[in-house]
Enquirer: 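Pasting in a structure now, in structure tokens, and then I'll have a few things to ask.
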Amino acid sequence: SVKDVIDMLNQPIERISNTDDFLTFNKEVELNNVSYSYGKKNVLNHISFKIKKGAILGIVGETGSGKSTLADLLMGLIQPNSGFISVDGIQIYNKENKSKLQKWRNKIAHIPQNIFLADASVSENIAFGIETKEINFDRVVKAAKISRIHDFIQNELGGYDKFVGEKGINLSGGQLQRIGIARALYKKSNFLVMDEATSAMDENTERKIIESIYKLKNRPTIIMIAHRLSTLKNCDQIIHIHSGEIIDIGKPKEILGNISENYNF
């Protein structure tokens, strides 16, 4: 087992620039008859829909309905058992050119519910993975302001050069999530996946952050998974998933009006 791990670590890593337009995203992402299963358990069955560039898509469904699995498929983290996923008409899973999948992943920023922070400065955590000397501080501050964490960083932490502590031990859950959102915005990705990314925030802070993201110039395409139905009310479209199948798709008023606040998320 140790040898297998060492062999894996020794594999070459393909470096792909964000400016590489070999796989463009100018029109839409399409899922066509996509199904996925874990072993013998079907998780998603014959999922088909399109996401236009710049659109905001909400995904709602009960716990275990397949929401996060659908997000993983969209991000290219798992491969469908059948059907295909394409970006501007080009399938991201291509046996003859596997770099297409990596180039698609490179366009994506993911904000999970639980954010990992390194024991490093606030700036280093927002510009995660960037060499300290190459960090664009103006972009860090702009991302922090949009995610409503700038004032806390300045007034409570003492500035962007202060360390957050191992795993962000000095921060609350809501503050961790706001730094996670700032990190995604710093990346300037074309495609933003928010999987319960605001669950630890109060509704007022969540609303202000989402409104700021919606108003961004060259706004990224956004996939939003959330428990609070109010989080999804400004989406362009909402998909309602039940037992791995799309049972409804439409405007927020059409979909959310049919779902009780007591829904078993």
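Positions are given from 1 along the sequence.
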Enquirer: Is there a chain of hydrophobic side chains (I, L, V, M, F, W, Y, each step under 4.5 Å between heavy atoms) that links Phe49 to Phe84?
Expert: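 Looking at the clustering, Phe84 is in a separate group from Phe49.
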Enquirer: Pairing donors with acceptors under 3.5 angstrom, does anything connect the side chains of Thr198 and Gln177?
Expert: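 Side-chain D/A pair, Thr198 to Gln177: absent.
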Enquirer: Below 6.0 angstrom between ring centroids: does that apply to His150 and Tyr160?
Expert: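 So the answer is yes for these two rings.
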Enquirer: Should Ile146 and Ile181 count as side-chain neighbours, where that means a heavy-atom distance under 4.5 Å?
Expert: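 Of all side-chain heavy-atom pairs linking Ile181 with Ile146, none is under 4.5 Å.
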Enquirer: Can you find a pair of side-chain heavy atoms, one from Ser189 and one from Ile108, that are under 4.5 Å apart?
Expert: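 A side-chain contact under 4.5 Å is absent here.
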Enquirer: Look only at the side chain of Asn32 and the backbone of Ile85, and say whether a donor-acceptor pair between them is shorter than 3.5 Å.
Expert: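 Not confirmed, Asn32 side chain does not pair with Ile85 backbone.
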Enquirer: Could you pull out the closest heavy-atom pair between Asp195 and Ser68, with the gap in Å?
Expert: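 For Asp195 versus Ser68, the nearest heavy atoms are OD2-OG, 3.1 Å.
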Enquirer: Would you say the side chain of Lys233 lies within less than 4.5 Å of the side chain of Leu229, judging by non-hydrogen atoms?
Expert: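 Side-chain contact under 4.5 Å: no.
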Enquirer: Answer with yes or no whether the hydrophobic clustering places Val140 together with Phe128; edges join I, L, V, M, F, W, Y residues whose side-chain heavy atoms lie under 4.5 Å apart.
Expert: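 No; Phe128 is not reachable from Val140 via cluster members.
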Enquirer: At their closest point, which heavy atom of Ile153 faces which heavy atom of Ala144, and how far apart are they?
Expert: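 Nearest pair, atom of Ile153 first, then Ala144: CD1-CB, 4.2 Å.
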Enquirer: Counting C-beta onward and ignoring hydrogens, is there a side-chain heavy-atom pair between Ile135 and Tyr186 closer than 4.5 Å?
Expert: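 Side chain of Ile135 against side chain of Tyr186, heavy atoms only: contact under 4.5 Å found.
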Enquirer: If Ile, Leu, Val, Met, Phe, Trp and Tyr residues are connected whenever their side-chain heavy atoms lie under 4.5 Å apart, and connections chain through other members, are Leu185 and Ile130 in the same group?
Expert: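 Leu185 clusters together with Ile130.
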Enquirer: Considering only heavy atoms from C-beta outward, does the side chain of Lys50 approach that of Glu30 to under 4.5 Å?
Expert: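 Answer yes - side chains close enough.
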Enquirer: Any carboxylate oxygen within less than 4.0 angstrom of a Lys/Arg side-chain nitrogen, looking at Lys3 and Asp7?
Expert: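 Result for this pair is yes, salt bridge flagged.
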Enquirer: Verify whether one side chain among Arg178 and Thr205 offers a donor that lies under 3.5 Å from an acceptor in the other.
Expert: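 On atom types as modelled, these side chains do not qualify, holding no pair under 3.5 Å.
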Enquirer: Counting neighbours of CG on Asn218 that are heavy atoms of other residues, nucleotides or ligands and sit closer than 6.0 Å, is the number greater than 12?
Expert: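 No - once you tally the heavy atoms of other residues, nucleotides and ligands closer than 6.0 Å, there are 12 at most.
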Enquirer: Are any side-chain N or O atoms of Ser86 and backbone N or O atoms of Gln91, one a donor and one an acceptor, separated by less than 3.5 Å?
Expert: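 No; zero donor-acceptor contacts below 3.5 Å.
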Enquirer: Can you tell if the side chain of Asn190 reaches within under 4.5 Å of the side chain of Thr221, non-hydrogen atoms only?
Expert: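 Side-chain contact under 4.5 Å: no.
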Enquirer: Mind listing the closest non-hydrogen atom pair of Ile92 and Gly76 along with its distance?
Expert: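 Ile92 and Gly76 have their closest heavy atoms at CD1-CA, 4.3 Å.
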Enquirer: Hey, quick one: are Met194 and Phe116 part of the same hydrophobic cluster, counting side-chain heavy atoms closer than 4.5 Å, chains of contacts allowed?
Expert: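 Met194 and Phe116: separate clusters.
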Enquirer: Please test Glu62 against Ser65 for side-chain hydrogen bond (donor to acceptor under 3.5 Å, both in side chains), starting from the C-alpha separation and ending with a verdict.
Expert: CA-CA 5 Å; Glu62 294 180 293; Ser65 60; over 6 Å; no
Enquirer: With heavy-atom distances below 4.5 Å as the criterion, would you say the side chains of Ile56 and Ile213 are in contact?
Expert: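 No. Closest side-chain heavy atoms not under 4.5 Å.
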Enquirer: OH/Tyr38 to OG1/Thr69 distance, rounded to the nearest 0.5 angstrom?
Expert: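 The OH atom of Tyr38 sits 3.5 Å away from the OG1 atom of Thr69.
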Enquirer: Is any side-chain heavy atom of Leu44 less than 4.5 Å from a side-chain heavy atom of Val34?
Expert: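 The answer is no, as the side chains (C-beta and beyond) never meet within the 4.5 Å cut-off.
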